[in-house]
Trainee: 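What follows is a single structure, and I will ask about it in a moment.
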Amino acid sequence: MKIKVGDTVRILSGDDRTKSGKVMSVNHDKNKVLVEGINLVHKHVKPSRRNPQGGRLHKEMPVPVSIVAMICPKTGKPTKVGYRFLADGSKERFARKSGAALGVSAPAKTSRAKQKA
């Protein structure tokens, strides 16, 4: 999965379409992400010692990763994410539309390093 915790994403479909938020957690098994302030539901809570008032709480629920797109830091528009290898052999994520780097995702390996000719 190319979306990581801390990325800013935009929702592409559903009730929260065109809203954006920061990724709080990623569930690789179910291919879902939890985005801050997106897909809010009301959870009804009975009064207890911890919550003596009770009532309705707002809670974010996970959304499928297929309906979110990463926001490019350079252009501010939704983009796909790709991987490329740098000259030293490290692997980095980049925005496909603008080519902006999104950070290194794997450390350098000598087997991936480009040979000087």
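Everything quoted here is computed from the prediction, not taken from an experiment.
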Trainee: May I ask you to list the residues sharing a hydrophobic cluster with L86, side-chain cutoff 4.5 Å, ordered by chain and number?
Mentor: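 Hydrophobic cluster check, L86: no partners found.
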Trainee: Enumerate, atom names and distances included, each donor-acceptor pair closer than 3.5 Å involving a side-chain atom of residues 11-22, sequence neighbours excluded.
Mentor:
{"from": "D16", "atom 1": "OD1", "to": "K19", "atom 2": "NZ", "distance (Å)": "3.3"}
{"from": "D16", "atom 1": "OD2", "to": "N39", "atom 2": "N", "distance (Å)": "2.6"}

Trainee: Tell me, please, which residues at least two apart from E92 pass side-chain hydrogen bond (donor to acceptor under 3.5 Å, both in side chains).
Mentor: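 Residues passing side-chain hydrogen bond (donor to acceptor under 3.5 Å, both in side chains) with E92: R84.
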Trainee: Per the ring-ring contact (aromatic ring centres under 6.0 Å, His included) rule, what does the pair list look like for residues 3-44, sequence neighbours excluded?
Mentor: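 Sorted pair list: H42-H58.
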Trainee: If the condition is side-chain hydrogen bond (donor to acceptor under 3.5 Å, both in side chains), which residues does D88 pass it with, not counting sequence neighbours?
Mentor: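 Once residues adjacent in sequence are excluded, the partners of D88 under the side-chain hydrogen bond (donor to acceptor under 3.5 Å, both in side chains) criterion are S90.
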Trainee: Any donor and acceptor pair, going by atom type alone, linking the side chain of K32 with main-chain N or O of V63 inside 3.5 Å?
Mentor: no
Trainee: Which pairs count as salt bridge (Lys or Arg N to Asp or Glu O under 4.0 Å) when at least one residue sits in residues 38-54, sequence neighbours excluded?
Mentor: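 Non-adjacent pairs meeting salt bridge (Lys or Arg N to Asp or Glu O under 4.0 Å): zero.
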Trainee: Sorted by first residue and then second, give each ring-ring contact (aromatic ring centres under 6.0 Å, His included) pair with at least one member in residues 74-111; sequence neighbours left out.
Mentor: none
Trainee: Are I3 and V35 co-members of a hydrophobic cluster defined by side-chain heavy atoms under 4.5 Å apart?
Mentor: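 Yes; I3 is reachable from V35 via cluster members.
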Trainee: State, yes or no, whether a side-chain contact exists between N27 and V33 at a heavy-atom distance under 4.5 Å.
Mentor: no
Trainee: Running the 4.5 Å side-chain criterion over Ile, Leu, Val, Met, Phe, Trp and Tyr, what cluster does M61 land in, apart from itself?
Mentor: V41
Trainee: Out of curiosity, does V26 fall in the hydrophobic cluster containing V65 (side-chain heavy atoms, cut-off under 4.5 Å, transitive links)?
Mentor: yes
Trainee: What are the two closest heavy atoms between M70 and R93, and how far apart are they?
Mentor: CE-NH2, 4.2 Å
Trainee: Is there side-chain contact between L102 and P73, with heavy atoms separated by less than 4.5 Å?
Mentor: yes
Trainee: Which atom pair, heavy atoms only, marks the closest approach of N31 to M1?
Mentor: OD1-CE, 3.4 Å
Trainee: Residues in side-chain hydrogen bond (donor to acceptor under 3.5 Å, both in side chains) with R10, at least two apart?
Mentor: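 Listed in chain order: nothing, the list is empty.
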Trainee: Whether the side chain of N51 engages the backbone of S48 through a donor-acceptor N/O pair (distance < 3.5 Å, no angle test) should be reported.
Mentor: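 It does not hold such a pair.
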Trainee: Mind checking what makes side chain to side chain contact (heavy atoms under 4.5 Å, CB included) contact with K74, not counting sequence neighbours?
Mentor: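 Checked K74 against side chain to side chain contact (heavy atoms under 4.5 Å, CB included); matches are C72, S98, A100.
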Trainee: Which residues pass the side-chain hydrogen bond (donor to acceptor under 3.5 Å, both in side chains) test with R112, sequence neighbours left out?
Mentor: none
Trainee: Report the residues that fulfil salt bridge (charged side-chain N to carboxylate O under 4.0 Å, His left out) with E60, sequence neighbours left out, ordered by chain and then residue number.
Mentor: none
